[in-house]
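Note on naming: letters A, B, ... go to the chains in the order of the sequence lines (proteins, then strands), and numbering restarts at 1 for each one.
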Amino acid sequence: MSPVGTTDKSTTPDPRLRFDPETFGLKQFPRKFFHLDTARVARTIIGAWIARRFNKQWYGARIVETEAYLGSTDAAAHSYRGRRTPRVEPMYMEGGHLYVFFVYGMHCCANVVTRPAGIAEAVLLRAAEFPEQAPAKLLSGPGKLCAALGIGVRHSGLDLLAAGDIRLFRPKRENPRIGISRRIGVDYAGEAVTWPLRFFDADSPAVSGPRSLRKP
DNA sequence: CACATGATCGCCT
DNA sequence: GGCGATCATGTGG
């Protein structure tokens, strides 16, 4: 048995998510975009595509739900009160890096790091879709999104702008109706529970969470 | 629909 | 030792 990497179970992306970014005409965001206000980044990447290259093929899905985590003042964030441990270290990197963590003994969650280096904020990717290619629920939730794309903690700290195997592509011209709500699964976070930092495509069937939080 | 529960283990105090 | 930025399943209204 391998002594390490036991938390990264499936590395293989779901074959139904195969696509070609060039055919889709997708391009990447500039670095400075990821330096912007975290809530703004979270909102803007609704409609963007998270993509992974595996065995020379690209797999990806359109992001339909995100949450912003604001760092030292945000009791829901792993970087709350400046916590800086090996696991959280990627959150302190320059915007545009990836932060992946393992929770509940069985799931991984992927985040896009924001702001300049040293400011530990990030956007959690909560749900995505690939209409007419995959079932609406395949990537409906942060753990399922990682599982479907085969993203694991081994990818934490990777630079999305380094022409590597995981990238984020800008949406084509589109204007999704954006819904906003409090964040999910952070009831322990005191006052921060109510902060309106969750963003979603109000017309997507792939959005996760209770019905009460899916209204625009 | 809401709510409750079990699974499962790395991380942090 | 306790607990999670979750999920699937089960119950009840």
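A cation-pi arrangement is not found for A:R40 relative to A:F33, the charged atom failing to lie both closer than 6.0 Å to the ring centre and inside a 45° cone about the ring normal. In this structure, A:R31 forms no cation-pi arrangement with A:F29, as its terminal cationic atom is not both closer than 6.0 Å to the ring centre and no more than 45° off the ring axis.
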> Please walk me through it: do A:V186 and A:Y69 pass side chain to side chain contact (heavy atoms under 4.5 Å, CB included)?
Replying inline: CA-CA 11 Å; A:V186 296; A:Y69 285 85; 3.7 Å; yes

Q: Determine, stepwise, if the pair A:F101 / A:V88 fulfils side chain to side chain contact (heavy atoms under 4.5 Å, CB included).
A: CA-CA 8 Å; A:F101 62 92; A:V88 192; over 6 Å; no

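Atom NZ of A:K137 and atom C1' of C:dT9 are 12 Å apart (whole Å). When the C1' atom of C:dT6 is taken as reference, atom CZ of A:R126 falls 8 Å away, rounded to whole Å. Spacing between atom CG of A:N111 and atom P of C:dA5 amounts to 11 Å, rounded to whole angstrom units. The distance from atom NE2 of A:H78 to atom P of B:dC12 is 9 Å, rounded to the nearest whole Å. Atom OH in A:Y99 sits about 12 Å away from atom C1' in B:dG10, given to the nearest Å. To the nearest angstrom, P of C:dC7 lies 11 Å from CG of A:L139. Distance A:F102 CZ to C:dC3 P: 18 Å, rounded to the nearest Å. Taking atom CD of residue A:E65 and atom P of nucleotide C:dA5, one finds them 16 Å apart after rounding to whole Å.
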Name the pairs: protein N/O against N/O of nucleotides 1-8 of chain B, kept only if under 3.5 Å.
unit_1, atom_1, unit_2, atom_2, d
B:dT8, O2, A:Y104, O, 2.5

Pairs under 3.5 Å (N/O, protein and nucleotides 10-13 of chain C):
none

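You'll find the side chain of A:S181 reaches within 4.5 Å of the side chain of A:R198, heavy atoms only. At a threshold of 4.5 Å between non-hydrogen side-chain atoms, the residues A:L161 and A:Q28 count as touching.
Contacts between residues 79-86 of chain A and DNA chain B, defined by a heavy-atom separation below 4.0 Å, involve A:R83, A:T85, listed by number.
Judged by centroid separation below 5.5 Å and plane tilt below 30°, A:F101 does not stack onto the base of C:dA5.
Note that OG of A:S208 is 4.5 Å distant from CD1 of A:I184, once rounded to the nearest 0.5 Å. The CZ atom of A:R81 sits 11.0 Å away from the OG atom of A:S72 when rounded to the nearest 0.5 Å. The line from CD1 of A:I166 to CD1 of A:I50 is 6.5 Å long, rounded to the nearest 0.5 Å.
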Which side-chain N or O atoms in residues 138-153 of chain A pair as donor and acceptor under 3.5 Å with protein atoms at least two apart or in another chain?
unit_1, atom_1, unit_2, atom_2, d
A:S140, OG, A:A206, O, 2.8
A:K144, NZ, A:K137, O, 2.8

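No single ILVMFWY cluster, assembled from side-chain heavy atoms under 4.5 Å apart, contains both A:M93 and A:V41.
Between A:F24 and A:F130, the ring-plane angle classifies as perpendicular under the 30° and 60° cut-offs.
A:R183 comes within 4.0 angstrom of nothing in the nucleic acid, heavy atoms only.
Remark: side-chain polar atoms of A:R83 are paired, donor with acceptor, to backbone N or O of A:H78 under 3.5 angstrom.
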A correct dot-bracket answer for DNA chain B, with pairs being Watson-Crick or G-U at under 3.5 Å, [ ] for crossing pairs and | for inter-strand pairs, is |||||||.||||.

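Counting only residues at least two apart or on different chains, the salt bridge (Lys or Arg N to Asp or Glu O under 4.0 Å) pairs with a member in residues 146-156 of chain A are A:D8-A:R154.
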